[in-house]
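Working notes, structure below.
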Amino acid sequence: MSRDPYRIDAHKLIYHPERAARVLAVNGDWERARSVYPIYMEIAPVGACNHRCVFCAVDYIGYQSVRLSYELLAQRVPEMGRLGVKSIMYAGEGEPLLHKDIARIVTMTKDAGIDVAITTNATVLPSGFIEQALARLSWLKVSINAGTAATYAALHQTKAADFDKAIENMIAMVRQKRASNLECTLGAQILLLQENQHEVETLAKLCRDEIGLDYLVVKPYSQHLFSKTQRYKEFDYQQFVSQGESLAHLNTEKFFIVFRGHTMQKLATTQRYHRCHATPFLWGFIMATGTVSGCSAFLLDQRFEYGNINDHTFQEIWEGEGRRRGFEFVMNQLDISECRVNCRMDEINRYLHQIETRLVPHMNFI
């Protein structure tokens, strides 16, 4: 049976009842919505990436050579913490470890009272990153989408040597974690595709036995609205839903596989909520250009852009006219049938929809 102690295939809004209650109490009123700040932010330190993965959701942005400066983030991130942001994942449209100051950024973020995480391909490690940043991270997850160098090179569209480089860097991180008794959770993820389906167990054993990671996530592909790539748009995951059971024997006390079968099952259902409850409240996205967006599925869509942290403080942006317009659009015009299926906030939207609509009979008999 698949294990998921981090609720990766579920959600964690149940641990933030006060923020959830504030979102539900908005009821279309901008004055109530204005000061509801996100729990979680995603920030892209850089726009550039050293890989060109065939499944990349944000290929349409163009891997621009832009970056957010440490000095700017050192102003805005502590402000976010004071306003109620509790966590930041550095990932985004580029490879975050290409930022030469990423270790300083992680340290500064944690010092601001914000939990920090990184999603990376782990093929580059800035000087001092392992020694300085690892102790401050809640988790780091590596995107490694194959169990062999040849398949990895084909899917990541890079040289096969990068497969070994990613493994070497993960081993170095595990070594540092164990030597310093760090709490940072180290994991990996594989996007299950036709080309790599036969290598999941190989990768799992590699992560468990050779690298020493804490977990491996096996997840389905979700078609981004604006992606250039349409290669996996019609890929049927129902044939894989039960695969989690066949992988369960690989779990140990120190390593487990999070097989996202629940997410795969949702791809085959049409049952859904009627509007987005999470945007523009519970999360936000800051691009490497500094643009603040309410939803990562609509990057570059001006209806979801609220301002730019190069020009304004985060509070000015979040309580400003751009977000007000975005709020009214989501409340009154957004057709969620146009939204990305299984988006990042899908489980949270389902949860809030259940509360708002009170679909369960006899709800007072708790």
Side-chain angles (χ1 to χ4, degrees), residues 2 4 6-13 23 38 40 42 53-61 89 91-93 119 141 143 145 155 189-197 200 217-244 258-285 293-301 303-304 326 329-357 359:
S2 180
D4 190 10
Y6 302 112
R7 297 181 67 87
I8 293 171
D9 204 26
H11 74 89
K12 294 182 276 284
L13 187 59
V23 170
Y40 164 68
E42 296 182 16
C53 300
V54 297
F55 47 79
C56 181
V58 290
D59 55 3
Y60 69 99
I61 295 176
M89 179 180 73
E93 66 264 28
T119 298
K141 184 162 55 183
S143 178
N145 297 280
L155 290 176
Q189 69 178 22
I190 178 172
L191 197 62
L192 186 62
L193 304 169
Q194 192 70 42
E195 296 93 331
N196 64 17
Q197 58 175 304
V200 174
V217 177
V218 183
K219 61 185 288 188
Y221 174 82
S222 173
Q223 180 64 47
H224 194 286
L225 305 172
F226 308 130
S227 295
K228 292 180 180 178
T229 180
Q230 302 282 312
R231 185 167 173 174
Y232 304 104
K233 186 176 182 179
E234 305 299 331
F235 192 64
D236 182 14
Y237 280 95
Q238 298 318 296
Q239 59 184 310
F240 298 108
V241 168
S242 62
Q243 188 176 355
V258 179
F259 187 84
R260 300 195 63 176
H262 173 59
T263 300
M264 293 178 190
Q265 288 177 322
K266 288 190 296 180
L267 290 170
T269 181
T270 57
Q271 292 181 339
R272 214 174 178 193
Y273 36 89
H274 304 302
R275 67 181 180 88
C276 182
H277 298 273
T279 304
F281 301 110
L282 295 169
W283 76 320
F285 190 103
S293 176
C295 179
S296 67
F298 289 95
L299 298 181
L300 300 186
D301 187 326
R303 298 172 300 176
F304 292 85
F329 169 73
V330 171
M331 292 297 106
N332 303 314
Q333 295 176 262
L334 177 64
D335 180 358
I336 67 156
S337 67
E338 300 175 0
C339 290
R340 186 179 188 179
V341 176
N342 278 351
C343 73
R344 179 94 56 173
M345 293 290 117
D346 182 69
E347 280 295 303
I348 285 174
N349 275 318
R350 291 174 186 271
Y351 171 66
L352 293 175
H353 176 68
Q354 288 179 357
I355 298 175
E356 184 181 61
T357 55
L359 292 176

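Heavy-atom basis, side chains included; hydrogens, waters and symmetry copies ignored.
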Identify, with sequence neighbours excluded, every residue that meets side chain to side chain contact (heavy atoms under 4.5 Å, CB included) alongside [X].
X	answer
Gln333	Phe329
Asp335	Ser337, Glu338
Arg7	Ala10, Lys12, Ile14, Tyr15
Val330	Cys276, Thr279, Phe304, Leu334

field: Contacts of type salt bridge (charged side-chain N to carboxylate O under 4.0 Å, His left out), residue Lys266, not counting sequence neighbours
entry: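 Lys266 satisfies salt bridge (charged side-chain N to carboxylate O under 4.0 Å, His left out) with Asp346, Glu347 once adjacent residues are dropped.
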
Heavy-atom pair with the smallest gap, counting every atom of [X] and [Y]:
X	Y	result
Ala297	His224	O-CE1, 3.2 Å
Ser296	Trp283	OG-CH2, 3.3 Å
Glu42	Tyr40	OE2-OH, 2.9 Å
Ile348	His11	CG1-CB, 3.8 Å
Pro38	Gly284	CB-N, 4.3 Å
Pro220	Thr263	CG-CG2, 3.7 Å

Between atom [atom1] of [X] and atom [atom2] of [Y], what is the distance when rounded to the nearest 0.5 Å?
X	Y	atom1	atom2	answer
Arg260	Gln189	CZ	CD	8.5 Å
Asp59	Cys53	CG	SG	10.5 Å
Arg231	Glu195	CZ	CD	5.0 Å
Asn332	Arg275	CG	CZ	9.5 Å
Asp301	Leu225	CG	CG	9.0 Å
His277	Ile355	NE2	CD1	9.5 Å

Quick one: are [X] and [Y] in side-chain contact, heavy atoms under 4.5 Å?
X	Y	value
Val258	Tyr6	no
Tyr60	Leu299	yes
Leu352	Leu282	yes
Met345	Phe281	no
Leu192	Met264	yes
Tyr232	Gln223	no

Is a donor on one side and an acceptor on the other found under 3.5 Å between the side chain of [X] and the backbone of [Y]?
X	Y	value
Ser293	Phe285	no
Thr229	Phe55	no
Asp4	Asp9	yes

Residues Asn145, Leu193; criterion side-chain contact (heavy atoms from CB on, under 4.5 Å); working and verdict: CA-CA 9 Å; Asn145 297 280; Leu193 304 169; 5.8 Å; no

task: Could you tell me which residues satisfy ring-ring contact (aromatic ring centres under 6.0 Å, His included) with His353, sequence neighbours excluded, listed by chain and number?
output: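 Testing His353 for ring-ring contact (aromatic ring centres under 6.0 Å, His included), a comparison that skips the adjacent residues, returns His274.
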
- prompt: Out of Phe235, Phe259, Tyr221, which residue meets the ring-ring contact (aromatic ring centres under 6.0 Å, His included) rule with Phe240?
  reply: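 Going through the options one by one, the only one that passes is Phe235.
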
